[in-house]
**Student:** 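Attaching a single structure in structure tokens format; questions to follow.
Indexing begins at 1, ligand by ligand and atom by atom, following the structure's order. Count residues from 1 along the sequence.
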Amino acid sequence: MSDTRKIIIDTDPGQDDAVAILLALGSPEHLDVLGITVVAGNVPLALTERNARIVCELAGKTDVPVYAGCDRPLRQKLVTAEHVHGKTGLDGPQLPDPQMQLSDGHAVDFIIETLRKEDTGTVTLCPLGPLTNIATAFEKAPDIVDRVQQIVLMGGAYFEVGNITPAAEFNIYVDPEAADIVFKSGADIVVLPLDVTHKALTTAPRVQAFRDMGTDVGRMTAEWTDFFERFDKEKYGSAGAPLHDPCVIAYLLQPDLFSGRHINVEIETKSDLTRGMTVADWWRVTDRAPNALFIGDVDADGFFALITERLSRL
Ligand code: RIB
Ligand code: CA
């Protein structure tokens, strides 16, 4: 696959992670998923790695290697989100136990080896959860940072502020030290924060379009959405739940659906009160050098049309 974009998806499934993985696997003419690396986040690692294999099987793509990674943050105690995603992390539909095996080796080593093996500047990292695996790989093998084509991640918030604390978004909050390493790495970073994901809501017509696919993938996606949107609808009184992680993959497929600013983003790691806050200099009031494209807006109808079209292929 010469003209496809090579990616590694780093993930903590999570229903929204699952839809992001399906979107990537439903776009083989654009994306070459070299592997899926799994991290502890929404639920513990033993469940996130199981969930990643379930999603690959649902997509009929059991040739995509799945590697288990870090089971806890660099320094913090693991915080999980069963209150949003359920005790399995993929609550909603009944799911079969996965038959495909985990690939041998640690996710961090797969990230390092892949970046060293592939031509420099040809592999994009797509973190959808806490940044523990990515930061650990950068610390273990600093030579790989310059070999990364781009990091396109879901995490952080500015105008939307926090979803796990008043100040912080979950992925960054769980491992702020890892996020600090990644945001200071010098890599080319695109951030899909709550500011944009909260504009991509799973309204009833959009979920019905998933059901109308008439496939297992469509039915599962609708049932995942039905489950995890109850939390956000109750909390925000919104017309649906933000479909966070698929924004990362959609950005790779159709970047024109999104808009943002190249600004400085720093991570709070010192204060218990604001731990994990992404201090985004959206108004450029400091002289801190821009280090990330911080996305603030999305064409939500175009986003859901893309997801529905690609998932209907699976
Ligand atoms: O804050 C939203 C993020 O946290 C998403 O990636 C969701 O899957 C959880 O990991
Ligand atoms: Ca996630």
**Student:** Quick one: does Arg116's side chain have a donor or acceptor within less than 3.5 Å of a partner on Glu113's backbone?
**Tutor:**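 Not confirmed, Arg116 side chain does not pair with Glu113 backbone.
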**Student:** I need the nearest protein heavy-atom contact for atom 4 (O) of ligand 1: residue, atom name and distance, please.
**Tutor:** Asn171 OD1, 3.1 Å
**Student:** Do any N or O atoms from the side chain of Thr114 and from the backbone of Ile111 form a donor-acceptor pair under 3.5 angstrom?
**Tutor:** no
**Student:** Can you confirm whether more than 12 heavy atoms, excluding those of Glu234, are under 6.0 Å from its CD atom?
**Tutor:**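 No, not enclosed.
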**Student:** If I apply the N/O under 3.5 Å rule, does Leu128 come out as touching ligand 1?
**Tutor:**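 Yes, Leu128 has an N/O under 3.5 Å of an N/O on ligand 1.
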**Student:** List every atom of ligand 1 that sits less than 4.0 Å from any heavy atom of Asp12, numbering the atoms from 1 in the order shown and giving each element.
**Tutor:**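 Counting atoms of ligand 1 from 1, those under 4.0 Å from Asp12 are 10 (O).
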**Student:** Is there a donor-acceptor contact under 3.5 Å from the side chain of Gln15 to the main chain of Asp91?
**Tutor:** yes
**Student:** Is a side-chain donor or acceptor of Gln150 paired with a backbone partner of Val152 at a separation under 3.5 angstrom?
**Tutor:**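 Here the side-chain-to-backbone pair does not exist.
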**Student:** Give the residue and atom name of whichever protein heavy atom lies nearest to atom 9 (C) of ligand 1, and the separation in Å to one decimal.
**Tutor:**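 I find the closest protein heavy atom is Asn42 OD1, 3.1 Å.
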**Student:** Counting the benzene-type ring for Trp, do His198 and Tyr236 have ring centres under 6.0 Å apart?
**Tutor:** yes
**Student:** About how large, to 10 degrees, is the angle O of Leu128, then the Ca ion (ligand 2), then OD2 of Asp245?
**Tutor:** 90°
**Student:** Which atoms from ligand 1 have a heavy atom of Met154 less than 4.0 Å away?
**Tutor:** 2 (C), 3 (C), 5 (C), 6 (O)
**Student:** I need the atoms of ligand 1 closer than 4.0 Å to a non-hydrogen atom of Asp17, numbered in the order shown.
**Tutor:**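 Matching atoms, with element in brackets: 8 (O).
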**Student:** What atoms of ligand 1 come within less than 4.0 Å of a heavy atom belonging to Asp16?
**Tutor:**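 Heavy-atom distances to Asp16 below 4.0 Å select 5 (C), 6 (O), 7 (C), 8 (O).
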**Student:** Nearest to atom 2 (C) of ligand 1, what protein heavy atom do you find, and at what distance?
**Tutor:** Glu169 OE2, 3.4 Å
**Student:** Among Leu293, Val190, Asp297, Val298, which residue meets the side-chain contact (heavy atoms from CB on, under 4.5 Å) test with Phe258?
**Tutor:** Val298
**Student:** Is any N or O atom of His244, backbone or side chain, closer than 3.5 Å to an N or O atom of ligand 1?
**Tutor:** no
**Student:** What protein heavy atom sits nearest atom 6 (O) of ligand 1, and how far off is it?
**Tutor:**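 Result: Asp245 OD1, 2.6 Å.
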**Student:** May I ask you to list the atoms of ligand 1 that are less than 4.0 angstrom from any heavy atom of Asn163?
**Tutor:** 1 (O), 2 (C)
**Student:** Using only heavy-atom distances, determine whether the side chains of Thr122 and Gln149 contain a donor-acceptor pair under 3.5 Å.
**Tutor:** no
